[in-house]
Amino acid sequence: MAAMIGGRTKLIGILADPIDHVRTPAVLNPLLEARGADAVVVPLHVDAAGLKALWPGLRALRSLAGLIVTVPHKTAVVGLVDRLGEAGQLAGAVNVIRREPDGTMVGDTFDGRGFVEGLRAHGHEPAGRRVLLLGAGGAAAAIALALVRAGIAGLRIVNRSQDRAERLAARLQAAGAGMEVEAGPAEARAFDLVVNATSLGLRASDPLPCDLAGIGADAIVADAVMQPPETAFLAEARRLGAIAHPGLPMLEGQRELLLGFLGFADRPSSA
Ligand SMILES: NC(=O)c1ccc[n+]([C@@H]2O[C@H](COP(=O)([O-])OP(=O)(O)OC[C@H]3O[C@@H](n4cnc5c(N)ncnc54)[C@H](OP(=O)(O)O)[C@@H]3O)[C@@H](O)[C@H]2O)c1
């Protein structure tokens, strides 16, 4: 956060509804302050109907550097932005928007690259792994693209709605995946990276997103679900001797990417 808010201070809004739980200002403001950025992250509590009314005002707001976007606005803003990055297009979802000086709004999602960064930060290199991806929604699509770009060996997508998995596989092939990408059944034993990017695990009563029987000891089982931090899926992975990787690193892995996209990259001092 800007040490002192002044006339040049840039605003980064976080669009959410509900908003009480949002921790983004508490996480990003200290990072901005530490790097001497004249910018502040503030909550913007707005519902779906309100966002449409607010949008022309956001576009006109010259103090606005950009917006962080979360539930329930991630897909709605796809139709509002002027330009969309590759991951945002493929996922049909946006989690950050940069306002250019002329009012052009540029959206993208860093859920996927954040996931890959989070894996690497914990010593898990995805390159060369055969990946079983559970889910075909916004987060799953972004993760799929980032994993393909990170050089995995192959990808199978499993989803409750099979047609959605097939469409995602086709979009990834059309984006030049350059490897085997298929929609199919969940046979965890044949994979060495299994990723839960469904909403299953958020509630204690949820079933496991797939059966992990036969999973190898060197396999990584990752969960996008952050709450609870240790899902039943991760507990089952540990019980079977596999490596469990929780949802928080996916969020942590995005911080620098989001700030860089908004124009506040950390610049190493030239001492
Ligand atoms: N860690 C992070 O930083 C981070 C960031 C973003 C999202 N996430 C998490 O990622 C998960 C997905 O988010 P999203 O934005 O991609 O949501 P989304 O677009 O709504 O997609 C939800 C996915 O979950 C599946 N699903 C939902 N209920 C199900 C059920 N009862 N049984 C089987 N499958 C079910 C859906 O299948 P259908 O296609 O059949 O409906 C779809 O594949 C959420 O848990 C979210 O909290 C984490």
Side-chain angles (χ1 to χ4, degrees), residues 14-18 21-24 27-28 48 68-78 87-96 107-122 124 131-147 155-172 183-186 188 194-211 220-234 244-259 261:
I14 168 146
L15 295 172
D17 180 37
H21 67 291
V22 161
R23 290 184 54 239
T24 313
V27 170
L28 294 187
I68 310 272
V69 186
T70 188
V71 178
H73 303 303
K74 283 181 162 189
T75 47
V77 296
V78 169
Q89 282 180 36
L90 192 118
V94 159
N95 75 348
V96 63
D108 210 348
T109 175
F110 286 92
D111 278 342
R113 285 180 57 194
F115 176 77
V116 168
E117 291 291 324
L119 273 181
R120 288 182 172 146
H122 288 259
H124 308 312
V131 179
L132 181 67
L133 176 67
L134 310 169
I143 288 171
L145 180 67
L147 285 172
L155 176 65
R156 180 181 294 173
I157 305 162
V158 183
N159 195 46
R160 174 177 62 179
S161 318
Q162 163 95 5
D163 58 327
R164 209 174 172 195
E166 284 164 5
R167 288 200 306 273
L168 175 56
R171 291 205 306 279
L172 287 160
V194 178
V195 184
N196 175 35
T198 73
S199 323
L200 290 175
L202 288 168
R203 286 174 306 230
S205 58
D206 284 342
L208 294 185
C210 85
D211 183 358
I220 300 166
V221 176
D223 211 324
V225 169
M226 277 187 296
Q227 200 51 249
E230 173 87 349
T231 58
F233 194 49
L234 293 182
H245 179 77
L248 187 61
M250 175 172 166
L251 187 69
E252 292 172 339
Q254 292 193 53
R255 288 174 190 162
E256 282 305 327
L257 297 168
L258 293 173
L259 289 179
F261 181 81

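We count ligands from 1, going down the list as the structure has it; atoms in each ligand are counted the same way.
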In ligand 1, the atoms that come under 4.0 Å of a heavy atom of Ala139 are 7 (C), 10 (O), 13 (O), 14 (P), 16 (O)

Worked check of side chain to side chain donor-acceptor pair (under 3.5 Å) between Asn95 and Gln254: CA-CA 10 Å; Asn95 75 348; Gln254 292 193 53; 2.8 Å; yes

Per-atom contacts, ligand 1 versus Gly138 - under 4.0 Å to a heavy atom: 16 (O), 19 (O)

Find out whether Arg156 and Pro185 are in side-chain contact, i.e. whether some heavy atom of one side chain is under 4.5 Å from a heavy atom of the other. yes

Which residue supplies the protein heavy atom nearest to atom 36 (C) of ligand 1, what is that atom called, and how far is it? Asn159 OD1, 4.0 Å

Any N/O of Asp111 closer than 3.5 Å to an N/O of ligand 1? no

Identify the residue among Val158, Leu208, Leu200, Asp223 that makes a side chain to side chain contact (heavy atoms under 4.5 Å, CB included) with Leu134. Val158

For atom 20 (O) of ligand 1, is the nearest protein heavy atom under 4.0 Å away? no

Non-hydrogen side-chain atoms of Val96 and Val69 separated by less than 4.5 Å: no

At under 4.0 Å between heavy atoms, which part of Ala136 makes contact with ligand 1: side chain, backbone, both or neither? backbone

Atom 46 (C) of ligand 1: protein heavy atom closer than 4.0 Å? no

Ligand 1 and Arg160, any nitrogen or oxygen pair closer than 3.5 angstrom? yes

Go through ligand 1 atom by atom and flag the ones less than 4.0 Å from a non-hydrogen atom of Ser199. 22 (C), 24 (O), 27 (C), 45 (O)

Distance check, rounded to the nearest 0.5 Å: Arg113 atom CZ versus Leu257 atom CG? 5.0 Å

Which one of Thr198, Thr75, Val158, Val225 has a non-hydrogen atom at the shortest distance from atom 25 (C) of ligand 1? Thr198

Just going by heavy-atom distances, which of Arg164, Met250, Gln162 is nearest to atom 4 (C) of ligand 1? Met250

State, yes or no, whether a side-chain contact exists between Thr198 and Arg160 at a heavy-atom distance under 4.5 Å. no

Determine, counting only non-hydrogen atoms of the protein, whether one lies under 4.0 angstrom from atom 10 (O) of ligand 1. yes

For Lys74, take its heavy atoms, then give the atoms of ligand 1 lying under 4.0 Å from any of them. 6 (C)

Can you tell me if Gln227 has a non-hydrogen atom under 4.0 Å from ligand 1? no

Side-chain ion pair, Asp111 and Lys74, N-O less than 4.0 Å: yes

Is there a side-chain contact between His245 and Leu119 in this structure, where contact means two heavy atoms from C-beta onward sitting under 4.5 Å apart? yes

At under 4.0 Å between heavy atoms, what of Leu200 touches ligand 1? The answer is side chain

Do the non-hydrogen side-chain atoms of Pro18 and His21 ever get within less than 4.5 Å of each other? yes

Can you check side-chain contact (heavy atoms from CB on, under 4.5 Å) on Leu28 and Leu259, steps first, answer last? CA-CA 8 Å; Leu28 294 187; Leu259 289 179; 4.3 Å; yes

What is the distance from atom CG of Leu168 to atom CD1 of Ile157, rounded to the nearest 0.5 Å? 4.0 Å

Close-contact set for ligand 1 against Gly135 heavy atoms, below 4.0 Å: 43 (O)

Ligand 1 atoms nearer than 4.0 angstrom to some heavy atom of Ala197 are 11 (C), 12 (C)

Heavy-atom distance under 4.5 Å between the side chains of Ile68 and Leu15, does that happen here? no

The single option from Val194, Val225, Asn196 that satisfies side chain to side chain contact (heavy atoms under 4.5 Å, CB included) with Pro209 is Asn196

Should you measure from each heavy atom of Ser161, which atoms of ligand 1 turn up under 4.0 Å away? 38 (P), 39 (O), 40 (O)

Distance from atom 48 (C) of ligand 1 to nearest protein heavy atom, with residue and atom: Ala224 O, 3.1 Å

Residue portion contacting ligand 1 (non-hydrogen atoms closer than 4.0 Å) for Leu251: both

Is Gly247 in polar range of ligand 1, meaning some N or O pair under 3.5 Å apart? yes

